[in-house]
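Reminder, nothing fancy here: chain letters follow the sequence lines and each chain counts from 1.
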There are 2 protein chains.
Amino acid sequence: MDSRGARREPTMRDVAALAKVSTKTVSRVINDLPGAGPEVVERVRAAARSLGYRPNLTASSLRRSDRRSATIGVLFEDLSNPFDAALLRAVEDRARQNGVLVLAGSSEDDPDLQRELLTSLATRRVDGMVVMAVGGHQDALQQERERGTPMVLVDRPPTFDGTDSVTTTNRDSSREAVVQLAALGHRRIAFLGDRQTLWTSRERYTGYLEGLAHTGLTLHHELVHTDLHGPDAAETATATLLDLDQPPTAMFTAQNLVTVGAMRALRDRGLHHRVALIGFDDFPLADMLEPGVTVLRQDVPALGRKAAELIFNRIGGDQSPPTHAVVPATLVQRGSGEIPPPVTDTGP
Amino acid sequence: MDSRGARREPTMRDVAALAKVSTKTVSRVINDLPGAGPEVVERVRAAARSLGYRPNLTASSLRRSDRRSATIGVLFEDLSNPFDAALLRAVEDRARQNGVLVLAGSSEDDPDLQRELLTSLATRRVDGMVVMAVGGHQDALQQERERGTPMVLVDRPPTFDGTDSVTTTNRDSSREAVVQLAALGHRRIAFLGDRQTLWTSRERYTGYLEGLAHTGLTLHHELVHTDLHGPDAAETATATLLDLDQPPTAMFTAQNLVTVGAMRALRDRGLHHRVALIGFDDFPLADMLEPGVTVLRQDVPALGRKAAELIFNRIGGDQSPPTHAVVPATLVQRGSGEIPPPVTDTGP
DNA sequence: TTCTCCTACGTCAACGTTGACGCAACCGGC
DNA sequence: GCCGGTTGCGTCAACGTTGACGTAGGAGAA
């Protein structure tokens with residue numbers, strides 16, 4: 001198999017000895033710094049190659065004056081969630097351009113876990129962090145920020161001052177969806193949303209309310225279901241809605257999995273071609289369902305790119321006042337959101 | 001905003017000075033080592049707290065004898081791909097239990113990029129790596145392995161000796177799918193697969209061939225389309241198949257996106273209830289389509305857990321011969337795979 | 001010629017931490 | 001009272017690298 005488990009990695013000293021120069025000269029050659037003649041450079045390069053020398057970045061960053069680890073931390077809610085994964089990928093791409101690697105973790109929306117991961121990152125002296133803040137109190141984040149760690153919040157803004165953020169047009173786009181449904185003639189538009197501890201959920205609900213107000217519709221409390229965690233909860237909530245004496249003729253589902261659950265319930269009753277539905281956040285195969293699901297699509301790569309751009313600016317020393325970037329979501333019409341209300345409902 | 005950009009992180013020396021002890025004693029307290037009296041421990045803890053001291057793991061791992069960075073590298077093809085993302089998440093969960101963080105990167109199935117990321121990880125002295133090998137030559141991986149870096153390959157086995165791997169029952173499960181289709185009476189079963197440079201694609205094709213052989217069916221070359229990269233290629237390939245004089249009555253699609261493309265083409269022609277389809281790899285909403293898509297589901301969390309278990313064993317010093325773990329995939333019947341051939345085809 | 005400046009190296013210490021070891025004070029046993 | 005062992009600290013050097021600085025030798029100007 002293997003000559004032996006772990007042999008010692010060669011160091012600059014080994015290279016220096018072989019090339020018959022000082023370690024400082026090796027350092028100069030490795031880092032392409034001036035002060036080494038062409039002949040020496042070649043000798044050192046050859047020695048490094050033959051030993052398989054690779055610099056030790058941890059030792060280097062310990063000694064260097066800028067103290068950079070060429071590593072950033074990414075702390076999202078759940079890396080296996082497609083939204084988070086796409087975001088991570090976008091940040092990673094941008095990081096790679098800077099020769100920076102990404103330490104990634106899932107906070108599970110748990111403040112304690114987030115705090116733990118935060119100190120884990122700090123202990124490794126990452127150059128900066130891109131964080132999806134957990135629902136509750138953000139004091140761990142704030143403390144970290146106050147220590148001077150460059151930080152950018154994505155998807156949800158900070159509850160404290162002085163920190164950059166990148167979010168989507170949660171409120172405006174939600175309003176837009178409700179307005180579209182109302183324009184078709186819908187009067188009873190239901191709202192199904194995720195946990196209200198999440199900022200995005202609250203924003204989308206507010207957008208829903210604005211949409212109703214904007215079109216002169218009245219809010220019917222029995223048409224509002226919040227704090228639905230996962231598709232199953234959404235499915236039962238939808239069933240409850242459809243059992244009402246006056247069921248909704250249209251639904252706005254404010255999150256991915258909620259949309260899926262609602263679709264399932266509609267389909268079970270054969271109502272998926274009769275009740276209009278607009279969902280927040282696109283998902284794969286949304287166009288393959290019958291009918292195609294109309295959604296508000298977030299520009300996830302743009303979110304990630306923007307977050308990465310901000311964090312690297314800060315790491316680069318940018319001291320300007322905090323930016324709160326907002327990336328627009330787009331309404332993608334596929335059929336489910338264009339279903340008109342039944343004629344009986346528009347009667348005299 | 002901020003008192004000033006980046007103030008210096010407090011060090012052990014600062015804590016030692018405040019607590020009026022030596023740095024060594026601080027080290028003992030921080031690491032819960034014996035040799036410090038209760039009173040001193042309290043003094044040091046108080047000092048550390050009041051300064052907001054946090055140990056510097058890079059300095060620590062430089063000096064420690066075991067030289068551990070408490071970090072592993074994960075190198076997958078594309079972190080935004082749900083399969084990779086779920087795998088990453090499973091590895092991450094296991095890593096967290098060991099207090100280990102994950103450096104993640106996407107190799108894009110590009111050997112040069114993989115080599116680059118590999119050295120990036122090595123430079124940071126990760127304790128081990130979990131890698132999805134790129135299609136072509138694996139010499140960069142092999143070199144890394146020969147240096148003694150603990151390594152586990154996932155999804156695709158090594159082309160060299162002495163390295164652990166975790167894969168799925170690609171071949172056996174593919175055969176099983178074909179056998180099920182043949183048992184329903186299908187005679188013309190098409191194969192649609194991803195790039196043949198990928199080991200998984202080749203295995204699944206072999207399984208297809210085995211399935212044909214096992215049931216006494218003949219291979220019709222015009223029913224085989226390989227090297228389909230993405231849903232669009234799969235869609236046109238499917239269209240070509242359906243235009244044949246004797247089109248297939250069943251299809252085996254050997255990858256996620258290929259399945260989606262094939263579904264799209266079938267649906268465009270209104271044949272989705274007539275042509276049987278079994279896909280490799282599950283995907284969200286597969287059950288919501290009409291008909292539900294029958295798939296071979298990989299146990300992704302199990303793959304990830306196993307990979308993590310292996311890598312941590314190796315890091316822990318396990319010297320036993322290499323393991324090649326194989327996690328079974330399951331056939332999930334949802335409708336599309338249970339469509340019988342048209343009666344005209346089974347005639348005399 | 002002598003003075004200055006530049007190039008191409010080398011020496012030394014330090015980054016923050018811990019392993020090896022030293023040493024004083026105290027304990028118990030005889 | 002002396003001896004051996006333990007407890008509770010401290011001192012020193014080293015991990016692999018680089019910043020600050022030193023210096024020998026040659027080129028060029030005066």
Check the interface with nucleotides 10-13 of chain D: list each N/O to N/O pair with the protein under 3.5 Å, or write none.
| residue | atom | partner | partner atom | Å |
| --- | --- | --- | --- | --- |
| D/dG10 | OP1 | B/Ser22 | N | 3.3 |
| D/dG10 | OP2 | B/Ser22 | N | 3.0 |
| D/dG10 | OP2 | B/Ser22 | OG | 2.8 |
| D/dG10 | OP2 | B/Thr25 | OG1 | 2.5 |
| D/dG10 | N7 | B/Arg28 | NH2 | 2.8 |
| D/dG10 | O6 | B/Arg28 | NH1 | 3.4 |

Next on the checklist: Hydrogens and angles aside, do B/Ser106 and A/Glu92 bring a side-chain donor and acceptor to less than 3.5 Å of each other?
Outcome noted: yes
Checklist entry - For the helix from C/dT1-D/dA30 to C/dC30-D/dG1, how many degrees between its two end axes (five pairs per end), to the nearest 10°? => result 50°
Checklist entry - Closer than 4.0 Å, any side-chain N/O of B/Ser27 to the OP1 or OP2 of C/dT17? => result no
Checklist entry - Does the distance from a Lys or Arg side-chain N to an Asp or Glu carboxylate O, for A/Arg67 and A/Asp127, drop under 4.0 Å? => result no
Checklist entry - Roughly how many Å is it from CG in B/Leu62 to P in D/dT18, rounded to a whole number? => result 12 Å
Checklist entry - Atom CG of A/Asp66 and atom C1' of D/dT18: how far apart are they, to the nearest Å? => result 11 Å
Checklist outcome for this item: Ordered by number, residues from residues 35-57 of chain A within less than 4.0 Å of DNA chain D (heavy atoms) are A/Tyr53, A/Pro55, A/Asn56
Next on the checklist: Please tell me if B/Arg13 has a side-chain N or O lying less than 4.0 Å from either OP1 or OP2 of C/dT17.
Outcome noted: no
Checklist entry - Is it true that A/Glu144 and B/Arg54 have a side-chain N and a carboxylate O under 4.0 angstrom from each other? => result yes
Next on the checklist: Any carboxylate oxygen within less than 4.0 angstrom of a Lys/Arg side-chain nitrogen, looking at A/Asp32 and A/Arg45?
Outcome noted: yes
Checklist entry - When you match B/Ala59 and B/Leu33 each to their closest nucleotide on DNA chain C, which lands nearer the 5' end? => result B/Ala59
